[in-house]
Amino acid sequence: MRNGPFAVVAAAVLWGTAGTAGLLVSADSVALAAARLVVGGAALALMAGSGMRRVLSPGLLLGAVAVAAYQLCFFAAVARTGVAIGTVVAIGSGPVFTGLLSWLLHRRRPSRRWATATAAAICGCAALIVGGGVSAGGPASGQVVSGVLFALLGGLLYAFYAVMAARAIGDGGESNAVMGVMFGGAALIMLPVLVVHGGVGWEPRGLLAVLYLGLGTTALSYFLYGRGLRSTPVATAATLALAEPAVAALLGVVVLGERLAPVSVAGLVLLAFSLAAVAIPERAARPEVRVPAEVGAPGVGER
């Protein structure tokens, strides 16, 4: 059995721990995201080493720009819409854009089961996050509109760099080198952002949190994600990545003592079933095997 989907889910589990780890640091969220990307991108580039030269391409360089721009778009969206709406739109639109880009660029039309399961997973994700409650007296409508546009742009950027990575890996590129090029380049782009925002503070607790965010939720997770893309269609991988908000919600309950509303529990269940439907490979039609008359034993063509 191919283990690609499990590698993608493992990456999503690591992504889902980032929010809880970030609570250990009292720092500007943009600075924290920049520090995470700088540390993680540098680690991925070091792991790839000289192999990055063999996969260097305009597509991956654009992917590096997209990785950095995604961070900025996501935080711009959250600042305008609030965490719930910004997260739902950015994370929920990612698989849709990924499926469309994969169809346009790779000529891989998503299956009907993928479309159904992805739609259900997005609904589950929305119920899970929005069920946590959105505070009254939220942002003005104009801010919400611009924030939703930033979130949609973030989802498109995520889809773009995921598809670029999948294309490079599909063309024979080593997954470590592909991720090293994209995230190493993004680290260089985000380094000035980290400097401008004054860093995140280097007390021991903050340093440990930044190292975990960079090495665990970025370097290790995208190492696993790249491995998963070797045998998992990128549209399927994007849907499986929706396990991230489910893990974040469960950690909120277990570690932070939060409570899930009934609608969030229903969303969690729907999301789990949807991800299982995507992860289990579809059974290919078994070719008909003609058995010579003199052999003629039933079941010869069976596995």
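Only heavy atoms go into these numbers, but all of them, side chains included; no hydrogens, no water, no symmetry mates.
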Same apolar cluster: [X] and [Y], side chain cutoff 4.5 Å:
X	Y	value
Leu156	Met182	yes
Leu268	Ile91	yes
Val55	Leu61	yes
Met52	Val65	no
Val30	Leu188	no

Exercise: identify the closest heavy-atom pair between [X] and [Y]:
X	Y	answer
Val234	Thr98	O-CG2, 3.5 Å
Ser93	Leu152	CB-CD2, 4.0 Å
Ala121	Thr239	CB-CG2, 4.4 Å
Thr118	Pro95	CG2-CB, 3.9 Å
Pro233	Ser231	CD-O, 4.0 Å
Leu270	Gly124	CD2-N, 3.7 Å

Within the structure provided, determine whether [X] and [Y] are in side-chain contact (heavy-atom separation under 4.5 Å).
X	Y	answer
Val67	Leu37	yes
Glu174	Met179	no
Thr218	Leu213	no
Leu44	Asn176	no
Leu62	Met164	no

Donor-acceptor contact below 3.5 Å, side chain [X] vs main chain [Y]:
X	Y	answer
Arg80	Ala76	yes
Thr232	Gly228	yes
Arg36	Thr217	yes
Ser274	Ala119	no

Take atom CZ in Phe150; do more than 12 heavy atoms of anything else shown fall under 6.0 Å from it?
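Atom CZ in Phe150 is not packed in, count stays at 12 or less.
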Calculate, to the nearest 0.5 Å, the distance between atoms CG and CG belonging to Leu153 and Leu72 respectively.
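The distance works out to 10.5 Å.
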To the nearest 0.5 Å, what is the distance between SG (Cys73) and CG (Leu157)?
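Result: 5.0 Å between the selected atoms.
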Phe183 and Tyr222: aromatic ring centres closer than 6.0 Å?
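Aromatic pair counts; centres sit under 6.0 Å.
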Judged by modelled atom types alone, do Trp15 and Ser221 share a side-chain donor-acceptor pair under 3.5 Å?
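Per modelled atom types, Trp15 and Ser221 side chains form a pair under 3.5 Å.
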Between the side chains of Tyr212 and Thr17, does any donor sit under 3.5 Å from an acceptor?
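Yes, Thr17 and Tyr212 have a side-chain donor paired with an acceptor closer than 3.5 Å.
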Between Tyr161 and Tyr70, how do the two ring planes meet: parallel, tilted or perpendicular, split at 30° and 60°?
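The arrangement is perpendicular - the two ring planes meet at more than 60°.
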